[in-house]
Amino acid sequence: MEPIIAIALALMGYAFGSTKLVSQGNEALVERLGRYHRKLKPGINFIVPLLDQIVMEDTNREQILDISPQNVISKDGVYLEVDAVVYWRIIDIERSFYAVDDLQEALNNLAVTTVREILAQNTLEESNMARSNIDKTLIDQLNLTSQTWGVEIMRLDFQRITPPESVRKSMEEERAAEIKKRAVISAAEGERQAAIKKAEGTRTSMEIISEALRAHPESKDILRYLVAQDYVQASQKLGESNNAKIVFVDPANSTGMFEELISQPGQEDEGKRPGNGKK
């Protein structure tokens, strides 16, 4: 019985030793006698104990590489402090293990070098305004090398691009001046539109009054009253002003003045036409 028990225990140990469980989202590399043999997919896998060895298990999900703040000189000679984050994933676990010694360190150095190179080709204004174009250029440049390591760079995000204090102050003053300029232009445009609307309203009112007078000559008395009322209100406003000057109008001549204001166009000319004068 003892040999049977020993054999059973050996078989159980062999089964446990040959069974390898790989988690979902991961892959593993197996070497046989020191050479690459195969990949293990998620789930239960079996290897040959003593001959096979799992040398690496890693995820093929997206990973984050935080680049420490770097000092960069832009094309226009401005010193910048750049902080960025790289999102990447393994697309070929075999190459990521055999093509490069330290994958994380290699990706960090590659990202730092490429960021410095690309930002040095742009001015400070271009770096701030054309951020999406710079991001795309950086990703294309990074993938040229990283794909030989079995890695794909998904995206690169700049957390901040910080210029010196003096440059930041100048940029803030420039932005404030630009905002003030837009406000002045907007106010001037609003005043222009208001003046146009007022002029259009005045012209329309005059046309309506003129048409009404031609159709109903008896309404002149009402119009005289309205003009006189507006004149009195305007005089009161002038009197309330600190810089107002009081203008007196001779009441005896005011009626003639108002009649002149509301006289129908062409009435004065009718008396001057040939045949209308006294012989």
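Worth saying up front: this structure is predicted, and the values here are computed from it rather than measured. Each residue takes its place number in the sequence, starting with 1.
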- Of the options V72, N71, V112, which is the one that meets V82 in a side chain to side chain contact (heavy atoms under 4.5 Å, CB included)? V72

- Roughly how far apart are L80 CG and I73 CD1, rounded to 0.5 Å? 9.0 Å

- Task: Flag the pair V22 / K39 as yes when at least one side-chain heavy-atom distance between them is below 4.5 Å, and no otherwise.
- Result: no

- Query: Looking only at atom types and distance, does a side-chain atom of N60 sit under 3.5 Å from a main-chain N or O of I91, one as donor and one as acceptor?
  - Reply: no

- Message: Using a 6.0 Å cut-off, check whether atom CD1 of I44 has over 12 heavy atoms from anything other than its own residue.
- Response: no

- Nearest heavy-atom neighbours spanning P42 and G25: CG-N, 4.1 Å

- Query: For I93 and A28, which heavy atoms make the closest approach, and how far apart are they?
  - Reply: CD1-N, 4.2 Å

- Identify the heavy atoms of L103 and W88 that sit nearest to each other, and give their distance. CD2-CZ3, 3.9 Å

Which pairs would a plain distance check flag for residues 154-161, meaning a side-chain donor or acceptor within less than 3.5 Å of a matching protein atom at least two apart in sequence or in another chain?
from, atom 1, to, atom 2, distance (Å)
R155, NH1, E62, OE2, 3.0
R160, NH1, E81, OE1, 2.9
R160, NH1, T162, OG1, 3.2
R160, NH2, E81, OE1, 3.3

- Query: Given the rule in the side chain to side chain contact (heavy atoms under 4.5 Å, CB included) test, do Y87 and I153 qualify, once you have shown the distances and angles that lead to the verdict?
  - Reply: CA-CA 6 Å; Y87 296 85; I153 305 297; over 6 Å; no

- Task: Check whether any side-chain heavy atom of V115 sits under 4.5 Å from a side-chain heavy atom of L138, and report yes or no.
- Result: yes

- Message: side chain to side chain contact (heavy atoms under 4.5 Å, CB included) for N143 and E152? Distances and angles first, verdict last.
- Response: CA-CA 6 Å; N143 278 320; E152 179 184 9; 4.1 Å; yes

- Message: Between N108 and Q104 (side chain of the first, backbone of the second, donor and acceptor by atom type, cut-off under 3.5 Å), is there such a pair?
- Response: no

- Message: So L110 and W149, do their side chains get closer than 4.5 Å, heavy atoms only?
- Response: yes

- Check: N122 side chain, A120 main-chain N or O, donor-acceptor pair, under 3.5 Å: no

- Message: Looking at Q193, I'd like to know if its CD atom is crowded, meaning that more than 12 non-hydrogen atoms belonging to other residues, nucleotides or ligands lie closer than 6.0 Å.
- Response: yes

- Message: Please determine whether side-chain hydrogen bond (donor to acceptor under 3.5 Å, both in side chains) holds for the pair E94 and S96, giving the CA-CA distance in whole Å, both sets of side-chain angles, and the decisive distance to 0.1 Å.
- Response: CA-CA 6 Å; E94 180 185 350; S96 72; over 6 Å; no

- Within the side chain of R38, is there an N or O that forms a donor-acceptor pair under 3.5 Å with the backbone of E31? no

- Task: Side-chain contact test, heavy atoms from C-beta onward, threshold under 4.5 Å: evaluate it for V55 versus Y36 and give yes or no.
- Result: no

- Message: Side chains of L33 and L51, heavy atoms from C-beta outward: is any pair under 4.5 Å?
- Response: yes

- Item | Salt bridge flag under 4.0 Å for residues D52 and K20 | no

- Distance-only, no hydrogens or angles: does the Q70 side chain make a donor-acceptor pair with backbone N or O of S68 under 3.5 Å? yes

- Item | Expected output: side-chain T148 to main-chain T145 donor-acceptor under 3.5 Å | yes

- I54/L40 under side chain to side chain contact (heavy atoms under 4.5 Å, CB included): CA gap, chis, key distance, verdict: CA-CA 9 Å; I54 296 178; L40 300 184; 3.8 Å; yes

- Message: Using a 6.0 Å cut-off, check whether atom CG of D66 has over 12 heavy atoms from anything other than its own residue.
- Response: yes

- Item | Set of residues satisfying side chain to side chain contact (heavy atoms under 4.5 Å, CB included) with respect to E105, sequence neighbours excluded | D102, N109

- I185 atom CD1: more than 12 heavy-atom contacts under 6.0 Å: yes

- Does I139 reach the side chain of K136, with side-chain heavy atoms less than 4.5 Å apart? no

- What do the steps show when you test K41 against E27 for side chain to side chain contact (heavy atoms under 4.5 Å, CB included), and what is the final call? CA-CA 5 Å; K41 299 296 183 180; E27 286 184 335; 2.7 Å; yes

- Atom pair OG/CD of S146 and Q141 - distance to nearest 0.5 Å: 11.0 Å

- Query: Listed by chain and number, what are the side chain to side chain contact (heavy atoms under 4.5 Å, CB included) partners of T59, not counting sequence neighbours?
  - Reply: N26, R61, Q63

